[in-house]
Amino acid sequence: MSTSYEQHVEYPNRKRMAWLTAGAALFVVAGFFLIFDRSSVTNDSILSDVIGLLSILFFGLCFCYSLVKMIKKEPSFVIDEDGFVDASSYTAGGAVAWRDVENIFMYELMGQKMIGVKLRDEKAFLDRQNGMKRKLMTVNSNMVDATISVAQSSLTVPLDQLYIMMMSHWRHVSDNMIYDSYSRR
């Protein structure tokens, strides 16, 4: 584990991304099967076509996203003295300064542990995001009161360890901000 206040760079877990890519590909194939399999001619063919098309579109996007993340050599998460850069998912928060963070906490959603980051000015942050990403982040924020959520899925370091690193950096910067505000008086 890196010591406090050093930069920590986290790259995507290639093995996990390979499994996600393979799973998405299987659902795309299943979608094609639903559309083009005409072995049972019933009234369910329209429903099968719709489900197949939705499967192809959604899991096709998931396939492309996970394939790109698996191939690229870019970090999925970076922590340094100024803040963190989250590129771990489609709804990743991007660059966030420690001074903008109000709270960091661990939570569990549908059996998956996550790190939640609540920002001081959530509205300004969400206004900088694009349409669909902003909507997904808003839904997430309403469910768990976290503007940014970091999941284990594309990280190699255990989430508990990442949480400790984030808390250490954030508290160090917060303590310095409090000290600076008192020393100016």
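Ile148 is connected to Tyr163 through a chain of hydrophobic side-chain contacts under 4.5 Å among Ile, Leu, Val, Met, Phe, Trp and Tyr, so both are in one cluster. In this structure, Leu53 is a member of the same hydrophobic cluster as Val28, with clusters built from ILVMFWY side-chain heavy atoms closer than 4.5 Å. Note on Leu57: it clusters hydrophobically with Phe36, by side-chain heavy-atom contacts below 4.5 Å among ILVMFWY residues. The hydrophobic cluster containing Leu61 does not contain Leu54, counting ILVMFWY residues as joined when their side-chain heavy atoms lie under 4.5 angstrom apart, directly or transitively. Hydrophobic cluster membership differs between Phe63 and Leu26, with clusters built from Ile, Leu, Val, Met, Phe, Trp and Tyr side chains linked at under 4.5 angstrom.
With side-chain heavy atoms closer than 4.5 Å counting as contact, directly or through intermediates, Val29 stands alone and belongs to no larger hydrophobic cluster. The hydrophobic cluster containing Leu109, built from Ile/Leu/Val/Met/Phe/Trp/Tyr side-chain heavy atoms closer than 4.5 Å, also comprises Phe105, Tyr107, Met110, Met114, Val139, Met143, Val144. Within the hydrophobic cluster formed by Ile, Leu, Val, Met, Phe, Trp and Tyr side chains joined at under 4.5 Å, directly or through other members, Val68 stands alone, with no partner residue.
You'll find the side chain of Lys123 reaches within 4.5 Å of the side chain of Asp121, heavy atoms only. When side chains are defined from C-beta on, Leu119 does not count as touching Glu102, because their heavy atoms never get closer than 4.5 Å. Side-chain contact between Thr156 and Tyr11 is absent, with no heavy-atom pair separated by less than 4.5 Å. Between Arg134 and Asn130, every side-chain heavy-atom pair lies at or beyond the 4.5 Å cut-off. Residues Ile115 and Leu162 meet the side-chain proximity criterion, which asks for heavy atoms closer than 4.5 Å.
Minimum interatomic distance between Trp98 and Asp80 (heavy atoms only, all atoms of both residues): NE1-O, 2.8 Å. The two residues Val157 and Glu10 have their closest heavy-atom pair at N-OE2, 2.8 Å. When all heavy atoms of Val9 and Pro75 are compared, the closest pair comes out as CG1-CB, 3.6 Å. Of all the heavy atoms in Ile79 and Met165, the pair that sits closest is CD1-CB, 4.0 Å. Closest heavy-atom contact between Leu155 and Ser88: CD2-CB, 4.3 Å. The two residues Met137 and Leu126 come nearest to each other via the heavy atoms CB-CD2, 3.6 Å.
Salt bridge annotation for Lys113-Asp160: present, with a cationic side-chain nitrogen under 4.0 angstrom from a carboxylate oxygen.
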Tell me, with the steps shown, if Asp86 and Val96 meet side-chain contact (heavy atoms from CB on, under 4.5 Å).
-> CA-CA 8 Å; Asp86 176 21; Val96 177; over 6 Å; no
Please step through side-chain contact (heavy atoms from CB on, under 4.5 Å) for the pair Lys118 and Val101, ending with a clear verdict.
-> CA-CA 6 Å; Lys118 177 77 173 166; Val101 174; over 6 Å; no
Would Ile56 and Ile35 count as a side-chain contact (heavy atoms from CB on, under 4.5 Å) if you check the C-alpha gap in whole Å, the side-chain angles of each, and the deciding distance to 0.1 Å?
-> CA-CA 10 Å; Ile56 291 167; Ile35 291 174; 3.6 Å; yes
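Aromatic ring orientation, Phe77 versus Phe84: parallel (interplanar angle below 30°, classes split at 30° and 60°).
Pairs engaging residues 122-159 under the ring pair (Phe, Tyr, Trp, His ring centres under 6.0 Å) rule: none recorded [sequence neighbours left out]. The list of salt bridge (charged side-chain N to carboxylate O under 4.0 Å, His left out) pairs with a residue in residues 17-26, not counting sequence neighbours, is empty. Residue pairs meeting the side-chain hydrogen bond (donor to acceptor under 3.5 Å, both in side chains) criterion with at least one member in residues 54-68, sequence neighbours excluded, are Thr21-Ser66.
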